[in-house]
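Following: one structure in structure tokens, then a few remarks.
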Amino acid sequence: MSDNAELLAEVFPPSAEFTATANAGPELQAAADADRLAFWDTQARRLDWATPWSEVLDWSDAPVAKWFVGGTLNVAYNCVDRHVLAGNGDRVAIHFEGEPGDTRALTYNDLLAEVSRAANTFTELGLVAGDRVAIYMPMIPEAIVSMLACARLGLTHSVVFAGFSSSALRSRVDDAEAKLVITVDGQWRRGQAAPLKPAADEAVQGAASVEHVLVVKRTGIDVDWTEGRDLWWHETVEKASPEHTAQPFDAEHPLFILYTSGTTGKPKGIVHTSGGYLTQASYTHHYVFDHKPGEDVYWCTADIGWVTGHTYIVYGPLANGVTQVVYEGTPNSPDEHRHFDIIEKYGVSIYYTAPTLIRTFMKWGRQIPDAHDLSSIRLLGSVGEPINPEAWRWYREVIGAGSAPIVDTWWQTETGAIMISPLPGVTATKPGAAMAPLPGISAKIVDDEANPLGNGGNGFLVLDKPWPAMLRGIWGDMQRYRETYWSRYEDKGWYFAGDGAKYDEDGALWVLGRVDDVMNVSGHRISTSEVESALVSHSSVAEAAVVGAADDTTGQGIVAYVILLEHVENTGDQLIKELRDHVAVEISPIAKPRQITVVPELPKTRSGKIMRRLLRDVAEGRELGDTSTLVDPKVSTRLLPARPLISASRGPQDTSTLWEG
């Protein structure tokens, strides 16, 4: 048997002990197979609704779905109020661990009071249902309170990752026409107070829609102040009434916009609504993570700036009455023991993180986790990108004591919630495989001609039936929504995920990663054209081409090839550093190219398209493929001498913002 065959044959069934108390059994799939819409009807009833729905799904305006038609609910009520009313107000909702070591424990009673104060403040500022609010904050409780207060009032929030630049924030503020921006004076990063309000100030300068900037004092650093526009959180929210009555909204009321990279370079504002999204968020959190309210301590290490933080820190877990850890900082501040200190301190039993961080832990060495009591962990999760089998095994053996099941979850900003994953009490898992669609979800792997593939097939991952948490469009651009996600298999009515996938010989599903021009760096989607645009905006660069190349730590690393303007001197490392820093300012530190190579020309086809496949071959040190379609086939040989320069021009991957998944 070959090594690869042995790897595929390696199977880890759930233990009898785990299966005996698991939330999910085989009956879940049986119910979904018997009647998919009735199944989702049942799952929706896990929530509290003000008005029942008349129809589970209206797909008559495909590809725009309406789920739980006519039903009304309040998302924040489901995440907070109902737990207090059920007698669980004293249960801790959030164990907050600040990077400097400060801590707070917020019970559901505390959370209700805080969310009510924020909702009353937003109302006093003149905001009404349907208005948009931009949230530009680190991982502190006020960020979660802000999201829930928006949901409570029917305000559509747009959370912008606090590692993004002012220009990235500005584009999102303008696109959504946000009336309120919520931010902080600064954030703690590796023991230092890093300013954040200056970026917010720069972003809102001249922004026509912005009426107020609400600022949380997190670090105490000095900030500039614009009277009449800027407001301190502690002078407004903290002094507001803790009483507020939530009103229900239609199931299709827009809950949030979350921007994700697009192949055109302009971020896409993904729109998610209320009833269907919360139904699937709650359902998946309950069954995939086998969450037991009042017993488990859950920790998802993502940032709320990404969809993982929306669905598996805020909405899904809180809808289920979770007790969870929220950590502000990086995993190596003050040292590499920080995550394991936190697991040990709070008795974390469910731990959900990204393969990037797992691979980083591996590099640091198992002596670090081995120095801690991690016996509280009973389930592990992986998110953001396909996890390589070696990291999967290490994760189970070292962090999970060789027994904790791993749920390797596949989903996207666009899907809203987990779509493909093992069920921990049911599925015999394979290292690196997402295994199968969840009950109620329908997915296929097809070839170029849309023919479904069977065991051993390798092709494109499609979702062939609508699902409750699916995106409802791209904010302000429904044509782009149809073209981006539905045009490839338009005649079939299938959603194309943009990922390649395969079935192994046993029928297990393996996600292979992106097939378009969007790179997946540590689970963060960054478009090649977005980075190219940033590079070309530098005064030295005439043209740029960017590819994602395999990276042992981040999954993909950003590799750039640039042509300089004629008058520009190539100063070597100095210029490379300048260009990398420029991308960090224009987009974010997470978008810094791992390596930049200055080249005399780029390989282009006769139609003028850059042949990125060839650049990827160069970046990954492979033999070059077919170059016959190039305008100048000899350009490939002129790229080859650049290979030694790649390592010489490597900069360290900026990992300060890569941990948030």
Side-chain angles (χ1 to χ4, degrees), residues 3-4 7-8 261 263 353-363 382-395 408 410 412 431-434 458-461 497-502 504 510-532 544-561 576 580 583 590-597 599 603 610-626 636 639-640 642-655 658-659 661:
D3 289 345
N4 190 50
L7 185 150
L8 293 178
S261 291
T263 54
T353 195
T356 295
L357 189 51
I358 298 164
R359 290 190 290 265
T360 300
F361 290 156
M362 291 172 69
K363 285 185 176 180
S382 171
V383 62
E385 60 185 297
I387 182 171
N388 52 303
E390 182 186 4
W392 192 102
R393 289 191 206 90
W394 189 94
Y395 193 30
D408 176 12
W410 178 86
Q412 302 175 313
N458 185 326
F460 303 104
L461 181 60
D499 279 336
K502 69 175 183 180
D504 66 21
W510 298 66
V511 178
L512 303 176
R514 307 298 299 169
V515 297
D516 57 15
D517 291 332
V518 176
M519 299 169 289
N520 191 327
V521 181
S522 296
H524 304 326
R525 291 172 59 184
I526 302 166
S527 76
T528 55
S529 56
E530 199 173 15
V531 181
E532 288 166 359
V546 169
V547 295
D551 189 287
D552 289 343
T553 300
T554 61
Q556 280 190 303
I558 299 173
V559 177
Y561 301 84
I576 298 301
R580 293 180 76 241
V583 172
I590 64 172
K592 271 189 181 183
R594 182 186 75 188
Q595 58 203 57
I596 299 176
T597 304
V599 295
I610 295 169
M611 188 176 275
R612 287 187 174 81
R613 172 185 56 74
L614 191 146
L615 293 176
R616 205 171 289 116
D617 288 342
V618 173
E620 296 180 345
R622 288 193 299 269
E623 290 301 313
L624 301 186
D626 178 26
S636 57
L639 283 171
L640 289 174
R643 287 192 192 198
L645 295 178
I646 291 175
S647 56
S649 62
R650 275 181 85 107
Q653 181 75 37
D654 188 306
T655 56
L658 289 181
W659 316 114

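As the structure is a prediction and not an experimental result, all values here were calculated from the model.
The backbone N or O of Pro355 sits nowhere less than 3.5 Å from a side-chain atom of Glu385 that would complete a donor-acceptor pair. A side-chain donor-acceptor contact under 3.5 Å links Arg359 to the backbone of Asp552. One N or O on the side chain of Gln556 and one on the backbone of Asn520 form a donor-acceptor pair closer than 3.5 Å. Proximity of a side-chain donor or acceptor of Arg580 to a complementary backbone N or O of Pro593 within less than 3.5 Å is detected.
One distance of note links NZ of Lys502 with CZ of Phe460; it measures 15.5 Å at 0.5 Å rounding. Note that CD1 of Ile590 is 11.0 Å distant from OG1 of Thr554, once rounded to the nearest 0.5 Å. Ile358 CD1 to Trp394 CH2: the interatomic distance, rounded to the nearest 0.5 Å, is 8.5 Å. Distance check: Asn388 CG to Tyr395 OH gives 13.0 Å after rounding to the nearest 0.5 Å. Distance check, rounded to the nearest 0.5 Å: CG of Asp551 to CE of Met519 gives 12.5 Å. Interatomic distance, Met362 CE to Thr553 OG1, rounded to the nearest 0.5 Å: 10.0 Å.
Nearest approach of Leu461 to Ala501, heavy atoms of both residues: CB-CB, 4.1 Å. The shortest non-hydrogen separation linking Ala545 to Glu532 is CA-OE2, 3.4 Å. Val583 and Ala591 make their closest contact through CG1-O, 3.2 Å (heavy atoms, listed as atom of the first residue, atom of the second, distance). The shortest heavy-atom contact between Glu620 and Ala550 is OE2-N, 2.6 Å. Nearest heavy-atom pair across Pro389 and Trp510 is CG-CZ3, 4.4 Å. Minimum interatomic distance between Ile596 and Ile576 (heavy atoms only, all atoms of both residues): O-CD1, 3.4 Å.
Considering only residues two or more places apart in sequence or on other chains, Trp410 meets the ring-ring contact (aromatic ring centres under 6.0 Å, His included) condition with none of them.
Atom CD of Glu390 is surrounded by 12 or fewer heavy atoms from other residues, nucleotides or ligands within 6.0 Å. Residue Asn458 qualifies as enclosed at atom CG: its count of foreign heavy atoms under 6.0 Å is above 12.
In this structure, Pro603 and Leu615 have side chains that are in contact, with non-hydrogen atoms separated by less than 4.5 Å.
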Mind running side chain to side chain contact (heavy atoms under 4.5 Å, CB included) on Ile558 and Lys592 for me, showing each step along the way?
-> CA-CA 7 Å; Ile558 299 173; Lys592 271 189 181 183; over 6 Å; no
